[in-house]
Amino acid sequence: MAWSFSKAFSGLFNRSEPITEDTWDDLEMALIGADFGPDLSDEMLTELRDQVERHSITDVKDLKQLLRDTIADRLAKFDPTLKLSDRPAVVLVAGVNGVGKTTTIGKFANYLGNFNRRVLVGAADTFRAAAVEQLNTWATRGGAAIVKPKQQGQDPASVAYETVQRGINEGFDVVVIDTAGRLQTKGGLMDELSKIKRVIEKLTPISEVLLVLDATTGQNGLAQAEAFIEHAGVTGLVLTKLDGSAKGGFVLNVQEKTGLPVKLVGQGEGIGDLTGFTPHVFAQNLVD
């Protein structure tokens, strides 16, 4: 999918004309509208103004190149590489309910399958009755095997343990563990995640802890996920529902706010609509 700002913004950059204060006003509106957020927008505008003055740039088209380079440089500070070299590579997937966590796991399995990785999914979100069946549907669509609880409400850590043990015994390349998105208290949920991690690490190291965020919720979604970031040992982010230009800036915004790299982006509803994140390509498509 091509990422871009609004057509009006693109039209501004496609004209060869002098940079004026109106140009900066339009640029500020476009950045905020694309969910870069006011603080990051201010930082970038200050940086761009300094560069324009330093290099005596006067044409709007040259400002476009500067903007692209500035976004790319900032994105490049974060390494989007998935660490999946262990066999099996164990990936925990966390996130509040409603962000698309379950569907993301199916799409992730499909994504890994494209690289000939055998994937096993563990349904350790045992607190929601529908979660296991929903995950089973999406894991099947993604070409993954699945370990389900033996009974509803089974201890999530025991499901995770059984999944990883099977992954080791049967030579799976990647084991993906679904975790609960909501319990009665945040403390209880974080304790449960810690228990799952401890149990798994008795068998093998955990390669990644991926936090799924809904890009359409912006800063509200990030606030909801702060407990995961603080307590769950998150190593990377997955942004779902990043379907339109209005939220493109959230990629950079969320990385700068959390200090965590975006590793995967979901760009639609289909099983194949989850892709790896390539910063310089994203920056180019975003601006162009």
Side-chain angles (χ1 to χ4, degrees), residues 80-97 99-128 131-149 154 156-181 192-193 195-213 225 228 232-240 260-266 271-277:
T81 307
L82 286 162
K83 308 300 191 294
L84 301 176
S85 57
D86 292 334
R87 288 295 180 274
V90 177
V91 180
L92 297 189
V93 181
V96 299
N97 291 343
V99 297
K101 179 166 58 73
T102 305
T103 56
T104 293
I105 290 172
K107 295 174 184 180
F108 186 36
N110 182 77
Y111 172 80
L112 294 168
N114 292 333
F115 297 94
N116 298 315
R117 304 287 182 92
R118 291 182 65 232
V119 182
L120 178 64
V121 171
D125 183 359
T126 63
F127 294 98
R128 286 192 304 133
V132 173
E133 288 312 310
Q134 185 186 16
L135 183 64
N136 183 58
T137 298
W138 277 92
T140 301
R141 289 184 66 188
I146 186 169
V147 172
K148 295 185 285 187
Q154 181 179 341
S158 70
V159 177
Y161 185 91
E162 291 168 10
T163 306
V164 174
Q165 187 68 72
R166 179 179 167 187
I168 293 170
N169 293 343
E170 298 184 17
F172 281 88
D173 298 305
V174 183
V175 174
V176 182
I177 306 294
D178 186 20
T179 64
E192 190 60 64
L193 283 169
K195 182 179 178 182
I196 288 173
K197 291 174 67 177
R198 289 195 307 273
V199 165
I200 291 173
E201 286 169 346
K202 292 178 180 178
L203 296 171
T204 189
I206 294 172
S207 299
E208 294 272 10
V209 179
L210 300 179
L211 176 65
V212 181
L213 296 175
F228 289 97
V234 177
T235 58
L237 305 174
V238 183
L239 296 187
T240 64
L260 294 166
V262 172
K263 299 203 171 189
L264 296 163
V265 290
I271 191 69
D273 292 330
L274 186 77
T275 63
F277 181 63

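For reference, positions follow the sequence shown, starting with 1.
Nearest heavy-atom pair, E192 versus A157, reported as atom, atom and distance to 0.1 Å: OE2-N, 4.0 Å. Counting all heavy atoms, side chain and backbone alike, V175 lies closest to G167 at CG2-CA, 3.9 Å. Closest non-hydrogen pair, T240 versus V99, comes out as OG1-O, 2.7 Å. Here the shortest heavy-atom pairing between I146 and A123 reads CD1-CB, 4.4 Å. V238 approaches L274 most closely through the heavy-atom pair CG1-CD1, 4.0 Å. Nearest heavy-atom pair across I196 and P156 is CD1-CB, 4.0 Å.
Partners of E201 by side chain to side chain donor-acceptor pair (under 3.5 Å), not counting sequence neighbours: none found. By the ring pair (Phe, Tyr, Trp, His ring centres under 6.0 Å) test, Y111 is found to be paired with F115, residues two or more places apart in sequence or in another chain being considered.
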(message) Let's go through L92 and I200 carefully: what are the C-alpha distance in whole Å and the side-chain angles of both, what is the deciding distance for side-chain contact (heavy atoms from CB on, under 4.5 Å) to 0.1 Å, and is it a yes or a no?
(response) CA-CA 10 Å; L92 297 189; I200 291 173; 3.6 Å; yes

(message) Please evaluate residues L264 and L82 with respect to the criterion side-chain contact (heavy atoms from CB on, under 4.5 Å), reporting the C-alpha separation (whole Å), side-chain torsions for both, the decisive distance (0.1 Å), and the verdict.
(response) CA-CA 9 Å; L264 296 163; L82 286 162; 4.1 Å; yes

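Remark: side-chain polar atoms of K83 are not paired, donor with acceptor, to backbone N or O of A89 under 3.5 angstrom. Within the 3.5 Å criterion, the main-chain N or O of A232 finds a donor-acceptor partner in the side chain of K197. Without hydrogens or angle criteria, R141 side chain to G106 main chain gives no donor-acceptor distance under 3.5 Å. Proximity of a side-chain donor or acceptor of T235 to a complementary backbone N or O of V209 within less than 3.5 Å is detected.
Taken from CG in D178 to CD1 in I105, the straight-line distance is 3.5 Å, to the nearest 0.5 Å. Atoms NZ and CG, from K101 and L135 in turn, are 8.0 Å apart once rounded to the nearest 0.5 Å. Once rounded to the nearest 0.5 Å, the distance linking OG1 of T275 with NZ of K107 reads 10.5 Å. The CD1 atom of I177 sits 9.5 Å away from the OG1 atom of T179 when rounded to the nearest 0.5 Å.
Every pair passing salt bridge (Lys or Arg N to Asp or Glu O under 4.0 Å) that includes a residue from residues 202-213 is listed here, sequence neighbours excluded: E208-K263.
Side-chain contact between F228 and L193 is present, with at least one heavy-atom pair separated by less than 4.5 Å. Taking 4.5 Å as the limit, some side-chain heavy atom of V132 sits within range of a side-chain heavy atom of P149. When side chains are defined from C-beta on, L120 counts as touching T163, because their heavy atoms get closer than 4.5 Å. Within the 4.5 Å cutoff, no side-chain heavy atoms of D173 are placed close to those of V119. Residues P88 and I168 have side chains in contact (heavy-atom distance under 4.5 Å, counting atoms from C-beta outward). Counting heavy atoms from C-beta outward, L84 and R117 have side chains that approach closer than 4.5 Å. With contacts defined as side-chain heavy-atom distances shorter than 4.5 Å, the pair L260/L211 does not qualify. Side-chain atoms of Q134 and T137, non-hydrogen and from C-beta on, never get closer than 4.5 Å to each other.
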